[in-house]
There are 2 protein chains.
Amino acid sequence: MFAFRLDSRSGVPTYLQLVEQVRRGLLLGYLVDGEQLPTVREVAAALVVNPNTVAKAYRELERAGLAAPRAGQGTFVIGNDDQVPHGVHVKLAARLRAWVRSAHEAGLAPEQVRALVTTVLDDENTAARTEAA
Amino acid sequence: MFAFRLDSRSGVPTYLQLVEQVRRGLLLGYLVDGEQLPTVREVAAALVVNPNTVAKAYRELERAGLAAPRAGQGTFVIGNDDQVPHGVHVKLAARLRAWVRSAHEAGLAPEQVRALVTTVLDDENTAARTEAA
DNA sequence: TCCTGTGTACTATCGCACTAGTACACTAGT
DNA sequence: ACTAGTGTACTAGTGCGATAGTACACAGGA
């Protein structure tokens, strides 16, 4: 069963964290078409969060066309076309993990690794946007 | 002069985004000891944000020992010991950029790249925490 | 039919991020 | 002295995320 995590220090609203995790799961193929999400009450109990907050996330997923509720049963994911092929995903993840490891061996603290990654990704996005303009 | 950016879609409070950017700048060596940050009014004008919000970010930086205000002059960064050596930083950034490029060439959309990176980093943290326990 | 579990709807309340506007103390330059 | 520019402090108000509690409609199984 799909499991959610929360990062209370990130400043990101709880319901958005849940939405993003489902979105990521779909993009990477961790969630497949028709798969059931944990029920509102299960998530609320597991994360010690108000059921209304989880419901808000599920409503947002429904609005985005990523999930659909079935009365009396639960909420089910709606499949996505453009998923990353499994082979590609595994290979890229392995290379990225190797990079993280080498960064760690070079003396970078986890926060520094995150800072470097964030900066590079932001720069790539900016560059792409500049290119398009 | 150091420049700030804002991502309104992230859900992260404005003042936290500013704090994080200075923190990243220090971790990666983009900001050096004694360097002046843009003034509260400059940042507020550039980002179209209330001066109080910028002031809150600077107050938080002061509390964290990362910056110090000088009355009538501005706010100045306080240097950090454990910065990433420039050579290491350049090398790691280049390898990471190469990875991002190959991911893009493999057909991954920017969101999918971000999703993959986030997942791998979260897994690494979880693994590290499990190891320590 | 009854009971359970599901998602949903609603009201009320609290806290915090953010804005608006004003005022003050300090420093540097004229 | 005076002026301009700095960070800071304060009050008031707005919007939204989150909580608490209750109630309802639906599907499935005993």
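This one's a predicted model, so the numbers in the text were calculated from it and none came from an experiment. By convention in this document, chain letters (A, B, ...) are assigned in the order of the sequence lines, proteins followed by strands, and residues within each chain are numbered from 1.
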>> So, using salt bridge (charged side-chain N to carboxylate O under 4.0 Å, His left out) as the criterion, who are the partners of B:D33 when residues are at least two apart?
In response: none
> Quick one: hydrophobic cluster around B:V77, which other residues, with the 4.5 Å side-chain cut-off, linked directly or via members?
Replying inline: B:F2, B:F4, B:L6, B:L18, B:V19, B:V22, B:L26, B:L31, B:L37, B:V40, B:V43, B:L47, B:V49, B:V54, B:Y58, B:L61, B:L66
>> I need the residues from residues 4-12 of chain A with at least one non-hydrogen atom less than 4.0 Å from DNA chain D; give them sorted by number, or say none.
In response: none
> Who does C:dT30 pair with, Watson-Crick or G-U, both distances under 3.5 Å?
Replying inline: D:dA1
> Between OG1 of A:T53 and CD of A:Q17, what distance do you get to the nearest 0.5 Å?
Replying inline: 11.5 Å
> To the nearest angstrom, how far is B:E60 atom CD from C:dC18 atom C1'?
Replying inline: 16 Å
> Other than A:L16, what residues sit in its cluster of Ile, Leu, Val, Met, Phe, Trp and Tyr side chains whose heavy atoms are under 4.5 Å apart, directly or through others?
Replying inline: A:V12, A:Y15, B:V12, B:Y15, B:L16
>> I'd like to compare against my own output: the B/S/- annotation of nucleotides 2-16 of chain D with a strict under-4.0 Å heavy-atom distance to protein.
In response: ---BBBSBB------
> Is there any salt bridge (Lys or Arg N to Asp or Glu O under 4.0 Å) pair reaching into residues 84-112 of chain A, and which pairs are they, with sequence neighbours excluded?
Replying inline: none
> For D:dT19, does either OP1 or OP2 sit under 4.0 Å from a side-chain N or O belonging to A:T53?
Replying inline: yes
>> Tell me every residue that passes side chain to side chain contact (heavy atoms under 4.5 Å, CB included) with A:Q112, counting only those two or more places apart in sequence or in another chain.
In response: A:L108, A:A109, B:L27, B:V84
> Applying salt bridge (Lys or Arg N to Asp or Glu O under 4.0 Å), which residue pairs with at least one partner in residues 11-22 of chain A are found, sequence neighbours left out?
Replying inline: A:E20-A:R23
> For A:R70, which residues count as a side chain to side chain contact (heavy atoms under 4.5 Å, CB included) partner, sequence neighbours excluded?
Replying inline: A:Q73, A:F76
>> What is the distance, to the nearest angstrom, from the CG atom on A:N50 to the P atom on C:dC14?
In response: 16 Å
